[in-house]
Participant: 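Let me begin by handing over the structure; questions about it come next.
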There are 2 protein chains.
Amino acid sequence: MEYNQKQLSILEAAEKLFASHGFHATSVRDIAHEADVNIAMISYYFGSKEKLIEAIFLKRIIAWKMTLTEMLSNNGRSYVERFDALVETYVNRVMSNPCFNLMMIRAQIQEDIAVNELIHENKKEAYEVIKSFINEGQENGVFSGDVDIMMMVYTLVGTTNHVMSTRHHFQRMSNLEHLTDSQLQEYLISHTSNHLKNLFKAILIHEA
Amino acid sequence: MEYNQKQLSILEAAEKLFASHGFHATSVRDIAHEADVNIAMISYYFGSKEKLIEAIFLKRIIAWKMTLTEMLSNNGRSYVERFDALVETYVNRVMSNPCFNLMMIRAQIQEDIAVNELIHENKKEAYEVIKSFINEGQENGVFSGDVDIMMMVYTLVGTTNHVMSTRHHFQRMSNLEHLTDSQLQEYLISHTSNHLKNLFKAILIHEA
DNA sequence: TTGATTAAATTAAATGTTTGTTTAACTTTG
DNA sequence: CAAAGTTAAACAAACATTTAATTTAATCAA
């Protein structure tokens with residue numbers, strides 16, 4: 001799991017190219033060129049193009065699982081605070097790593113890719129963690145009881161993914177073409193997470 | 001624009017294969033085989049693989065534009081009724097045509113595909129139609145004034161797309177594996193549109 | 001209704017390019 | 001000096017597209 005500099009530049013280049021052109025449209029030659037290494041190094045280090053994409057997913061998925069669990073099990077903060085943190089952190093993470101998340105979206109659509117099962121298992125685990133958290137909040141009377149948690153998670157993920165993956169459409173439609181890429185990213189993070197937090201609170205929090 | 005039976009079976013086969021494997025992973029040989037026509041017929045009728053995908057998009061986009069405009073400009077129904085119809089019809093349309101909509105999602109992610117500009121123009125048009133409708137409802141005091149219409153549309157599209165594109169993950173996570181594909185589809189349509197209608201009404205309708 | 005003529009439809013085969021991967025030779029490193 | 005790293009070249013397979021030959025369908029004068 002420890003990668004040297006050459007392996008890391010291959011992983012980075014592959015993530016970038018797989019994200020913008022797709023797995024099949026990206027040749028190992030393209031990756032080698034982008035990473036500035038010889039073509040044979042990819043087979044040498046990763047075995048094959050398929051194994052390469054698997055390595056990319058594993059690296060990211062493990063990192064997210066840790067963040068999620070730590071974030072929700074932190075008992076120093078209230079349920080609402082932790083829920084807000086969940087939305088904010090998720091949105092931030094997706095917007096800050098467009099390349100990887102585009103790969104993720106693509107892989108979920110594709111049915112014939114090997115990493116698909118890996119993704120499903122980890123999505124399920126993540127969902128169970130969130131569900132337990134909400135259920136706990138419901139038992140403590142903080143969250144409303146008649147919430148479809150699954151659909152709420154789908155709205156969180158679906159909205160964020162859609163904003164991220166069509167961010168340049170969004171930019172043009174909102175007349176934000178004067179913003180730089182990082183300014184746009186900042187705008188989308190705050191805008192999307194505020195929108196979602198409002199939306200969820202409207203159905204999740206008992207009226208005072 | 002009038003297609004014969006052979007052209008239609010090519011279009012149908014291509015839509016199916018592009019959707020499940022992606023544009024680049026689908027060879028014209030695969031399409032020819034699925035459509036049960038000779039390989040050369042695809043170049044003969046559509047010129048190239050690129051032109052073929054453009055033809056598919058044009059066919060669908062024109063149909064949706066008509067539906068949307070008719071639906072919202074129907075003055076026989078109230079604003080709320082028309083808004084509900086918008087959500088319901090959109091969700092229904094996406095869920096009932098998974099192949100085409102997966103192609104759409106894919107194309108929006110991909111930056112180097114020719115149809116991308118076509119999609120952007122039509123998304124913008126559709127958004128303007130919806131925005132005018134909501135604004136009209138706001139002027140008439142039916143809808144709340146402080147709604148981020150753009151983000152709401154992104155939640156509609158994002159949630160629906162995400163449910164549709166990961167519908168088999170959804171099925172497994174919800175323990176609905178006993179349902180047939182068409183039963184699942186029906187379940188997802190009602191479930192998703194109800195969820196979204198509730199969500200939007202919570203932020204869109206003035207409290208009575 | 002015939003037979004000739006022409007354009008459209010259809011085909012198998014060939015084209016030249018690009019693909020992922022391997023090889024075998026070479027260089028660097030410990 | 002052996003193991004790991006690196007390379008250009010070679011490999012067969014698959015790719016989109018074109019070609020040239022053949023069949024089908026339509027038109028129309030006799």
Side-chain angles (χ1 to χ4, degrees), chain A residues 1-58 99 103 106-107 110-116 118, chain B residues 1-59 99 103 106-107 110-116:
Chain A
M1 281 295 169
E2 293 290 302
Y3 296 117
N4 62 39
Q5 195 49 55
K6 207 151 228 172
Q7 288 171 305
L8 285 172
S9 59
I10 291 171
L11 287 169
E12 191 187 341
E15 197 171 281
K16 180 182 164 187
L17 294 174
F18 286 158
S20 54
H21 310 303
F23 180 75
H24 292 282
T26 304
S27 68
V28 290
R29 278 169 184 77
D30 295 337
I31 298 169
H33 185 258
E34 177 78 23
D36 200 29
V37 300
N38 186 277
I39 316 169
M41 298 311 296
I42 291 167
S43 295
Y44 180 72
Y45 279 128
F46 296 97
S48 70
K49 198 181 164 186
E50 282 281 351
K51 295 265 186 65
L52 175 59
I53 201 175
E54 274 184 58
I56 295 171
F57 273 98
L58 264 175
C99 286
M103 276 184 60
R106 236 187 257 276
Q110 215 111 344
E111 281 152 20
D112 56 351
I113 263 188
V115 289
N116 214 287
L118 181 74
Chain B
M1 282 295 168
E2 292 292 301
Y3 295 118
N4 63 39
Q5 194 50 53
K6 209 150 228 175
Q7 288 171 306
L8 284 173
S9 58
I10 291 172
L11 287 170
E12 191 187 341
E15 199 171 279
K16 179 182 167 189
L17 294 174
F18 286 157
S20 54
H21 309 304
F23 180 75
H24 292 282
T26 303
S27 68
V28 291
R29 278 169 187 75
D30 296 336
I31 299 169
H33 184 257
E34 177 79 25
D36 200 29
V37 301
N38 186 276
I39 316 169
M41 297 311 296
I42 291 166
S43 294
Y44 179 72
Y45 278 130
F46 297 97
S48 70
K49 199 179 159 187
E50 281 282 351
K51 296 264 185 65
L52 175 59
I53 201 175
E54 276 184 58
I56 294 172
F57 273 98
L58 263 174
K59 190 163 158 278
C99 286
M103 275 185 59
R106 235 186 260 276
Q110 215 112 343
E111 279 152 20
D112 56 352
I113 261 187
V115 289
N116 213 288

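Order of the sequence lines fixes the chain letters, A, B, ..., with proteins taken first and strands second; residue numbering starts at 1 for each chain.
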Participant: Report for the helix from C:dT1-D:dA30 to C:dG30-D:dC1: angle between first-end and last-end helix axes, five pairs each, rounded to 10 degrees.
Facilitator: 10°

Participant: Just wondering, do A:Phe57 and A:Met103 contact through their side chains at under 4.5 Å, heavy atoms?
Facilitator: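 Sidechains of A:Phe57 and A:Met103: in contact.
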
Participant: Is any side-chain heavy atom of A:Phe46 closer than 4.5 Å to a side-chain heavy atom of A:Leu11?
Facilitator: yes

Participant: How long is the span from the CD atom in A:Glu34 to the CG atom in A:Asp36, to the nearest 0.5 Å?
Facilitator: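 It comes to 9.5 Å.
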
Participant: Check the distance between C:dA12's P and B:His33's NE2 and give it to me in whole angstrom.
Facilitator: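 It is 13 Å, rounded to the nearest whole Å.
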
Participant: Between the side chain of A:Asn38 and the main-chain N/O of A:Ala32, is any donor-acceptor distance below 3.5 Å?
Facilitator: no

Participant: Write down the atom of A:Ala19, the atom of A:Cys99, and the distance for their closest heavy-atom approach.
Facilitator: CB-O, 3.1 Å

Participant: Could you list the protein-to-nucleotides 27-30 of chain C atom pairs, N/O on both sides, closer than 3.5 Å?
Facilitator:
none

Participant: In Å, rounded to the nearest 0.5 Å, how long is the span from OG of A:Ser20 to CZ of A:Arg106?
Facilitator: 7.5 Å

Participant: Is there a side-chain contact between B:Ile31 and B:Ile39, using heavy atoms and a 4.5 Å cut-off?
Facilitator: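 No, side chains not in contact.
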
Participant: How long is the line joining OH of B:Tyr3 and P of C:dA9, in whole Å?
Facilitator: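 It is 14 Å, rounded to the nearest whole Å.
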
Participant: Could you check how far CZ of A:Phe46 sits from C1' of C:dT22, rounded to whole Å?
Facilitator: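 Value for this atom pair: 18 Å.
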
Participant: If you define the side chain from C-beta out and look only at heavy atoms, does anything of A:Phe23 sit under 4.5 Å from A:Lys49?
Facilitator: yes

Participant: What string of B, S and - do you get for nucleotides 2-16 of chain D, 5' to 3', if B is base contact, S is sugar-phosphate-only contact and - is no contact with any protein heavy atom under 4.0 Å?
Facilitator: --SBBBB-B----BB

Participant: What distance separates A:Thr26 OG1 from A:Lys16 NZ, expressed to the nearest 0.5 Å?
Facilitator: 11.0 Å

Participant: Verify, without hydrogens or angle tests, whether A:Gln7 (side chain) and A:Asn4 (backbone) share a donor-acceptor contact under 3.5 angstrom.
Facilitator: yes

